[in-house]
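Structure first, then comments.
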There are 4 protein chains.
Amino acid sequence: MSANTGGSKRSRKLNPAKRLAILKSAEKIFSRKGFHEATVSDIAKAANVSEATIYEYFSSKEELLFSIPAEIVREYQEKIVEILKYVKGAANKLRTLIYLHISLYANNEDYANVVMLILKGNRNFLKTEEYKVVQGSAQNTIQVFQEGIDNGEFKPDMQPYLVRAMIWGTIEHLVTRKSLLGKPEDLFSMADEMIDTLFQGILVNRGETPVNVKLTVENR
Amino acid sequence: MSANTGGSKRSRKLNPAKRLAILKSAEKIFSRKGFHEATVSDIAKAANVSEATIYEYFSSKEELLFSIPAEIVREYQEKIVEILKYVKGAANKLRTLIYLHISLYANNEDYANVVMLILKGNRNFLKTEEYKVVQGSAQNTIQVFQEGIDNGEFKPDMQPYLVRAMIWGTIEHLVTRKSLLGKPEDLFSMADEMIDTLFQGILVNRGETPVNVKLTVENR
Amino acid sequence: MSANTGGSKRSRKLNPAKRLAILKSAEKIFSRKGFHEATVSDIAKAANVSEATIYEYFSSKEELLFSIPAEIVREYQEKIVEILKYVKGAANKLRTLIYLHISLYANNEDYANVVMLILKGNRNFLKTEEYKVVQGSAQNTIQVFQEGIDNGEFKPDMQPYLVRAMIWGTIEHLVTRKSLLGKPEDLFSMADEMIDTLFQGILVNRGETPVNVKLTVENR
Amino acid sequence: MSANTGGSKRSRKLNPAKRLAILKSAEKIFSRKGFHEATVSDIAKAANVSEATIYEYFSSKEELLFSIPAEIVREYQEKIVEILKYVKGAANKLRTLIYLHISLYANNEDYANVVMLILKGNRNFLKTEEYKVVQGSAQNTIQVFQEGIDNGEFKPDMQPYLVRAMIWGTIEHLVTRKSLLGKPEDLFSMADEMIDTLFQGILVNRGETPVNVKLTVENR
DNA sequence: AATGAATGAGAGTTCATTCAT
DNA sequence: AATGAATGAACTCTCATTCAT
């Protein structure tokens, strides 16, 4: 409601552990009840602090919500940078990114719920500093894909933006369904097939492609 | 024993045109403000009826929200069935489905917002009869894909569920971004490339899959 | 809310049977739910008419409530006059009145509920023409008691008003308890003991009222 | 695990003086307007607190209503126990009880209105803990009367339940009339006559009764 | 005479947020 | 740094009542 982005008015050091406890409680409560259905009182109870204390650390309920991804995405981003160092080839890097992206959600169910069911539909979140972090992490996919085009691994006439949409869209779709319906029990098991499909397509190659070219050179 | 026998309380048809006007107004208001931020009073004003009248037609604000997709999805589903009759080949049918699915959102911006930003994250919606309709329309993709497997157009070792996830996920991702950021100005322009990618994959064929290439050199 | 006592604006003949049906339905519904908890719609449903029709016969929900006793009290009053003709002695008449009063409630449970739980606490009812009828029927007790004083059956130094309070109060107390708790299963069984107590008191006569002591001294 | 453990929601004592102020205001407003006609806003205004504050102390308007008698009845009950210690004889005790009961209402007009016009007709009140207190205080009458039977002061063949009905019924009748019509200006003035009547009955003793005492004194 | 449909007018209740301590 | 207590501000929903047909 106010433009108070980036921490509560008097963001003295306070107690970082308590701040984290509040964030984790908020994540849990929001995850279960949704944003409007969750009350600040619920969160305060879960964090074993008073409601007023929450306002010491966060300027509003919404800011509290928006603060949830920051930490986790930052860690995730660092992890990616670290790991990508050791992976060679754009295709392999892309595969790695997809695995990591999935694991981010698979290992943090409450976080997945908050992102998929609440934040994804929230217009205000887009104006947030926090969103930039999330957004930034999306650049990985695009960069890696571009790298793949440059070195000839990927088809050169593709828009990286679309490829990212396909990858993220598919993952988000699956994660959302898991959040809502519990359906794909194991997100990872879908990863490989998804990657294969993305790499190879779904069409059967019927010799129109080079594959079937039978080259017979007969002497004389 | 004569008058008020049978029938669900009061939700008779009443004036269907007015009902539709309320639904359309709700769609517009929800689309712009979100569910909790929109008030019944807003909707009433937009529909030129009193708040009480809204409750004559819908038993609660949430029921009003949930009633939005029914009509539109029903029409859409009929259209699909009709059109699919004239399309031959699973690949073509799939392409058609994707176009139609995109056009559903592209032509109904408010509806797209309501679905992508509000309904998709709403757990209660899943328990709804209305949801079943939406769900049902998702079966098309799976059926058509299965058909393609059966007749040899598509790779036989794929899970239709995953393919649907990729198609819908991508579309939803793009539509959501358009809802939030206005970004892909033209959703259709992405359709073809998306379909190509889905069909062919993103990898350059370097003859490594040339497995299939049979090169026979016979010496003299 | 308005001073619209005594029938709806256009009290054309309408259909007296329908009027009665509405009244009886109102009695039943009010009895079960209480005044504010009962809705005009409830009553309309029970009477198999539309809500609007109720307003043809009664100008408001409250007027409908207030119209309930009139009929029944009128009949009751006539019955009393008729029966009292054949009863001799004030004590017997009083006994008769008490029986009749109890039977009025015992035989009309819904009516009893409406009177005891709703009307008795309603200040507006006092301003009503209908109330006068009820009030009038209360005069019986006072008259009969006065008659008993005049002819020496009852103690001459009593205020009839108080006696009526005792009789009516006791009956109302018992009827109310039956309405709320179902407790005195059979109201009639209490009648006789109540009357005896009223007539004779609860004290054991220890000869301190020695008036009655006949002292016979026989010589030798 | 430290702060908000245990305890019923939020209904801690808070500020007991404020709680009492709200209760007294509620008593006054309910007394004048009745339950449904009184608004929480009315009460808040009268108590100089916000409406929300009322809900800090009481969970609903109805709970507020039901909380009114508790305090006053508790005090009253203690008073009775205290005073009864010094009164000898069941008849005197009964007389004392009646006086006290009347004085409870006579000295608390608003309270009398609330009890007689609102609570007495409220079915939900019966399910209340508060009702038990009221109910408990009713036991006094029955106990004292039984005591009187045991020690020969009262007729042994009477049902205490009925006697209580007569006493309470009469008092309630008178108090209710005073609430509604202001009629018996002075409730106390009726007390004595009522007690006399209860004790001695209304019939003129024509010597037919103790009559039976035959005292024969023979000379020598 | 009867009613389907519409609504004005509120009322109770909830909660995020504040502030004195 | 922490919070108990207080409240302003809304919002959903209900219902008695009306009126054109």
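A note on names: the letters A, B, ... follow the listed sequences, proteins ahead of strands, and every chain is numbered from 1. Model, not experiment: these values are computed from the prediction.
Checking E:dA11 for Watson-Crick or G-U wobble geometry (two distances, each under 3.5 Å) identifies F:dT12 as its partner. For F:dA20, the paired nucleotide is E:dT3, the pair qualifying as Watson-Crick or G-U wobble because both relevant distances are below 3.5 Å.
For B:Val40, counting side-chain heavy atoms from C-beta on, the closest listed nucleotide (E:dT3, F:dT17, F:dT12) is F:dT12. In this structure, of F:dA6, E:dT7, E:dT3, it is E:dT7 that holds the atom nearest to the side chain of B:Thr53. Across E:dG8, E:dT13, E:dA5, the shortest atom-to-atom separation from the side chain of D:Tyr55 is found for E:dT13. Counting only heavy atoms from C-beta on, C:Thr39 has its side chain closest to F:dA16 among F:dA16, E:dA16, F:dC13. Distance from the side chain of A:Ala52 is smallest to F:dT3 among E:dA16, F:dT3, E:dG12. Comparing atom distances between the D:Lys61 side chain and each of F:dA6, E:dT13, E:dA16 picks out E:dT13 as nearest.
To the nearest 0.5 Å, the span separating CD on A:Glu130 from CD on A:Glu71 amounts to 9.5 Å. Atom CD of C:Glu27 and atom CG of C:Asn113 lie 9.0 Å apart (nearest 0.5 Å).
B:Phe35 carries B:Lys61 over the face of its six-membered ring, with the cationic atom under 6.0 Å from the centre and within 45° of the normal.
If you measure from atom NZ of A:Lys18 to atom P of F:dT3, you get 5 Å, rounded to the nearest angstrom. Rounded to whole Å, atom P of F:dT17 lies 13 Å from atom CZ of C:Phe58. D:Asn48 has its CG atom 17 Å from the C1' atom of F:dA5, to the nearest Å. If you take NZ of D:Lys33 and C1' of E:dG10, they are 13 Å apart, rounded to a whole angstrom. Atom CD in A:Glu56 sits roughly 14 Å away from atom P in E:dT17 (whole-Å rounding). When rounded to the nearest whole Å, the span between NZ of D:Lys45 and C1' of F:dT7 equals 15 Å. What separates CG of B:Asn15 from P of F:dT21 is a distance of 14 Å, to the nearest Å. Between the P atom of F:dC11 and the CZ atom of B:Phe30 lies a distance of 13 Å, rounded to the nearest Å.
Below the 3.5 angstrom threshold, one finds a donor paired with an acceptor across the side chain of B:Glu51 and the base of F:dC13.
By the 4.5 Å heavy-atom criterion applied to side chains, D:Phe58 and D:Leu23 are counted as neighbours. Residues B:Ser67 and B:Tyr57 are not in side-chain contact: their nearest non-hydrogen atoms beyond the backbone lie 4.5 Å or more apart.
Among the atoms of the strands shown, only primed sugar atoms or phosphate atoms (P, OP1, OP2) are found under 4.0 Å from some heavy atom of C:Ala38. Among the heavy atoms of the strands, none lies under 4.0 Å from B:Ser41.
For the pair C:Glu37 and B:Glu37, nearest-nucleotide mapping onto DNA chain F gives the more 5' position to B:Glu37.
Checked for salt-bridge contact, A:Lys24 and A:Asp110 miss the test: no charged N lies under 4.0 Å from a carboxylate O.
Here C:Tyr57 reaches the OP1 or OP2 of E:dA2: one of its side-chain N or O atoms lies under 4.0 Å away.
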